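Have a look at the structure below, then the notes.
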Amino acid sequence: MTMDPRFAILFEPVKIGPVTAPNRFYQVPHCTGMGYSYPQTLVAMREIKAEGGWGVVNTEYCSIHPSSDEMPAHSCSLWDEGDVKNLAAMSEKVHKHGALAGVELWYGGQRAANHHSRLPGLAPGSMPATAAPWQSQKMDAADFKTYRQWHAAAVRRALQAGFDIVYVYAAHTYLLAQFLDPRVNRRDDAHGGLLENRSRLYREVIAETREILADKAALATRVEVTDEDETGAEDRAELLKQIAPDIDLFDVTVPDYSREMGPSRFIKEGALEADITHVRKLTGKPVVSVGRFTSPETMLAQVKRGVLDLIGAARPSIADPFLPNKIREGRLDDIRECIGCNICYANDGLGVPIRCTQNPSMGEEWRRGWHPERMRPARTKDSILIVGAGPAGLDAALTLGRRGVPVVQAEASRELGGRVTRETRLPSLGEWVRVRDWRVHQIGKLENITVYRESPMTADDVRDAGAAHVVIATGATWRRNGLGRSSPVTLPSLDDPRTFTPDDIMAGKRPKGPVVVFDDDHYYMASVIALLLAKEGLPVTYVTSDGIAASFSEHTVEQARTQTGLIAAGVKIIVSHGLSGFAGDTLEIACGFSGNITALPCGGLVTVTSREPNDALWQELKDDTGLRVSRIGDCKAPGIIAQAVYDGHRFAQEFDLSEEEATARRERVVLA
Ligand code: ADP
Ligand code: SF4
């Protein structure tokens, strides 16, 4: 296949000051949960992006001094020679594929809690760190000097490590952004007040960085086009114009992270265009920005309209590290499009390496040796029967097929996709259907996979099928008995026609009002259902056992918009309460602290608690002699879609390995 000539423009080289990017595909700095703690894991992951055709591959935020750490989120660092060595390994691997390597130098200021180093952060004022009851150190004259020395030293180390692009980072509420923002910067000295003063440190750091870099590397800056409260656009424009002569690349964004890192539930592709479209003309310099770009048409349009010179991508490059190569090779239908679920981001905050719902190899490149495109041929070519075609069954089938194994897949219903098909019919979750669609399409290209729809399998059917190895991928069912995180026991009174589960709602059943939706799951399901029912006109009370609505979605940058949306839809929110059960006409809930009971009027209850594995088939078959039986995905351990995909993938990658061979490598220091 060949490239559509219209897309040739995306593969034009772009001059960025003294260096030239080989094409317009630019992997912006993005966190990985790896940082300085997992250098080998990081190098392997970044290399694959370069191999997949990204013309520029950046690090995540890279701390310039121990007084800037956001543990448990792992950042890179350029504090010493050891860091230089580790990051040189990354730039070397990126260069091997003809790409440029960039580094985003970072200082957290008042925001970073420095849990690890226990040093106070330097900042414009003495203010509380994010989620920690301690404050930063207000910078005095000596601190300014010290900070600039740290930054300069990190710039020199960046050059030593072989980076082609070095960032002065003035966004995302970190130090330089704190100085720029008039609401955060309350100083009344030469660094506060007018824009000229607020931008002084930023301009000084740019000038010093420029001097050190000379023409050895490009100077990029990541900066927002307004202040944190979305005012100050004129001041920002003036500033960007002022600094432009020293800047080789503007990486521009908006302060609302839930828009920049917009989850697909709330934000569509290319959402920043109107905010940043002026920067290119204003500065006369190349511009990059993000927008969850997965469509080559959108990319093309942005370049043609003169909005962007480089297509910035974090998530699209995570979901498909080979996206650029696929466009170049005319394989658009092979692009594994990001679904905008933000699970990739969630794990940085949780202190563990990145993962991706769409791309199960993400983060596993080093420890499991997985590659997003190339699979090791299987050792055995005996056919495998997979029962169930949800995300686990589909990924297992595809991966086995790619490894050369003949696969027969039997799915009970007419539609493939299992929970993905059901869930993505709920409002706002539509883009997630890409998990199914990409796999079903890829499976269709492989002759060694046969899929039978409307084929519910009994244990005898499985035995009769004659496969040597059968994989049970039959999913899970939402419980209606109250069992879950906040209740280790079942609640007999819920055995009542007024009780509904998410499966009922997805099947089109509806409770009578007033409705109570009980969220013991803490992710998206309960709030999505509460909103759906409220929009259908039912009076809805949302009760959660946690302290905020949909608390897990804080990790996916969806929480604030979720709770705001519930309030706007008129849903009454009650937090920190567990379910006691029906008592006549009312539903009783109990305060998680005092145990005090509140009775709510309730015509219908939707329990979003936990799920029961559909493992009857597994139980029946597991001890059959002569049959090798495995179970994967939700029927083994119910979880989020990313886990089902991953578990199906892991099975398919490892079913022919010994336990020892399948043990993931660990990245840690072993004492001599
Ligand atoms: P997972 O997330 O683990 O992939 P899902 O619940 O999404 O699980 O998918 C399970 C799929 O298995 C569903 O599409 C369901 O129709 C199918 N299934 C369940 N039991 C059987 C069975 N006995 N025979 C065939 N397919 C089944
Ligand atoms: Fe996209 Fe979700 Fe993968 Fe992140 S985890 S890259 S949002 S598909």
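This structure is a prediction, so every number in the text was calculated from the model and none was measured. Residue indices begin at 1 and follow the sequence shown. Atoms within each ligand, like the ligands themselves, are counted from 1 in listed order.
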Looking only at distances, please establish whether an N/O atom of ligand 1 is found under 3.5 Å from an N/O atom of Val387.
no

Those atoms of ligand 1 less than 4.0 Å from some heavy atom in Gly633:
3 (O)

With a 4.5 Å heavy-atom cut-off, do Arg336 and Pro321 have their side chains touching?
yes

Return all protein N, O or S atoms below 2.8 Å from atom 1 (Fe) of ligand 2, chain by chain in residue order.
Cys338 SG

Looking only at the side chains, is there a donor atom on one of His649 and Glu364 sitting less than 3.5 Å from an acceptor on the other?
no

Between Arg463 and Asp460, is there a side-chain N and carboxylate O pair less than 4.0 Å apart?
yes

Of all protein heavy atoms, the one nearest atom 17 (C) of ligand 1 is Glu411 OE1, 3.2 Å

Backbone or side chain, does any N or O of Leu617 fall under 3.5 Å from an N or O of ligand 1?
no

Identity and distance of the protein heavy atom lying nearest atom 4 (O) of ligand 1:
Ala392 N, 2.9 Å

Numbering the atoms of ligand 1 from 1, which are under 4.0 Å from a heavy atom of Ser455?
24 (N), 25 (C)

Assess, by modelled atom type and distance only, whether the side chains of Thr421 and Glu415 contain a donor and an acceptor separated by less than 3.5 Å.
no

Quick one, Ser289 and Asp275 - any side-chain contact, counting heavy atoms below 4.5 Å?
no

May I ask you to list the atoms of ligand 1 that are less than 4.0 angstrom from any heavy atom of Arg422?
6 (O)

Under 4.0 Å between a Lys/Arg side-chain N and an Asp/Glu carboxylate O for Arg436 and Glu423?
no

Identify the protein heavy atom lying closest to atom 9 (O) of ligand 1, giving its residue, its atom name and the separation to 0.1 Å.
Gly390 CA, 3.4 Å

Please identify which atoms of ligand 1 are closer than 4.0 Å to at least one heavy atom of Pro391.
1 (P), 2 (O), 4 (O), 7 (O)

Looking only at distance, does Asp634 have an N or O less than 3.5 Å from an N or O of ligand 1?
yes

Can you tell if the side chain of Asp656 reaches within under 4.5 Å of the side chain of His469, non-hydrogen atoms only?
no

Give the numbers and elements of all ligand 1 atoms closer than 4.0 Å to a heavy atom of Ala473.
10 (C), 11 (C), 12 (O)

Side chain, backbone, both or neither: which part of Glu423 comes within less than 4.0 Å of ligand 1 when only heavy atoms are counted?
neither

Can you name the atoms of ligand 1, numbered from 1 with element, that are less than 4.0 Å from a heavy atom of Gly418?
7 (O), 9 (O), 13 (C), 14 (O)

Is it true that the side chains of Thr607 and Arg480 contain a donor and an acceptor less than 3.5 Å apart?
no

I want to confirm something. Looking only at heavy atoms, which of Ala412, Cys635, Gly388, Ala637 is nearest to atom 12 (O) of ligand 1?
Gly388

Side-chain heavy atoms of Phe25 within contact of Met299, under 4.5 Å:
yes

Is the closest side-chain donor-acceptor distance between Asn325 and Arg331 under 3.5 Å?
no

What I want to find out is whether Glu411 reaches Arg453 closely enough, with some N-O distance under 4.0 Å, to be called a salt bridge.
no

Arg46 side chain reached by Asn58 side chain, heavy atoms, under 4.5 Å:
no

Distance filter under 4.0 Å to Pro456 heavy atoms, resulting ligand 1 atoms:
24 (N), 25 (C)

Closest non-hydrogen protein atom to atom 20 (N) of ligand 1, residue and atom name please, with distance?
Thr474 CG2, 3.2 Å

If we count only N and O atoms by modelled type, under 3.5 Å, do the side chains of Gln27 and Ser317 hold a donor and an acceptor together?
no

Using distance alone, decide if ligand 1 has a nitrogen or oxygen within less than 3.5 Å of any nitrogen or oxygen in Ala644.
no

Taking side chain as C-beta onward, heavy atoms only, is His371 less than 4.5 Å from Phe322?
yes

Tell me: protein heavy atom nearest atom 8 (O) of ligand 1, and distance?
Gly475 CA, 3.2 Å

Proximal atoms of ligand 1 relative to Ala410 (non-hydrogen, under 4.0 Å)
25 (C), 26 (N)

Evaluate the side-chain proximity of Arg111 to Tyr174: yes if any heavy-atom separation is below 4.5 Å, no if none is.
yes

Just to be sure I'm reading this right: ignoring hydrogens, which of Arg419, Arg631, Glu415 gets closest to atom 5 (P) of ligand 1? Compare them by their nearest heavy atoms.
Arg419

Are the side chains of Asp546 and Arg485 in contact, using a 4.5 Å heavy-atom criterion?
no

Among protein heavy atoms, which lies nearest atom 24 (N) of ligand 1, and at what distance?
Met457 N, 2.9 Å

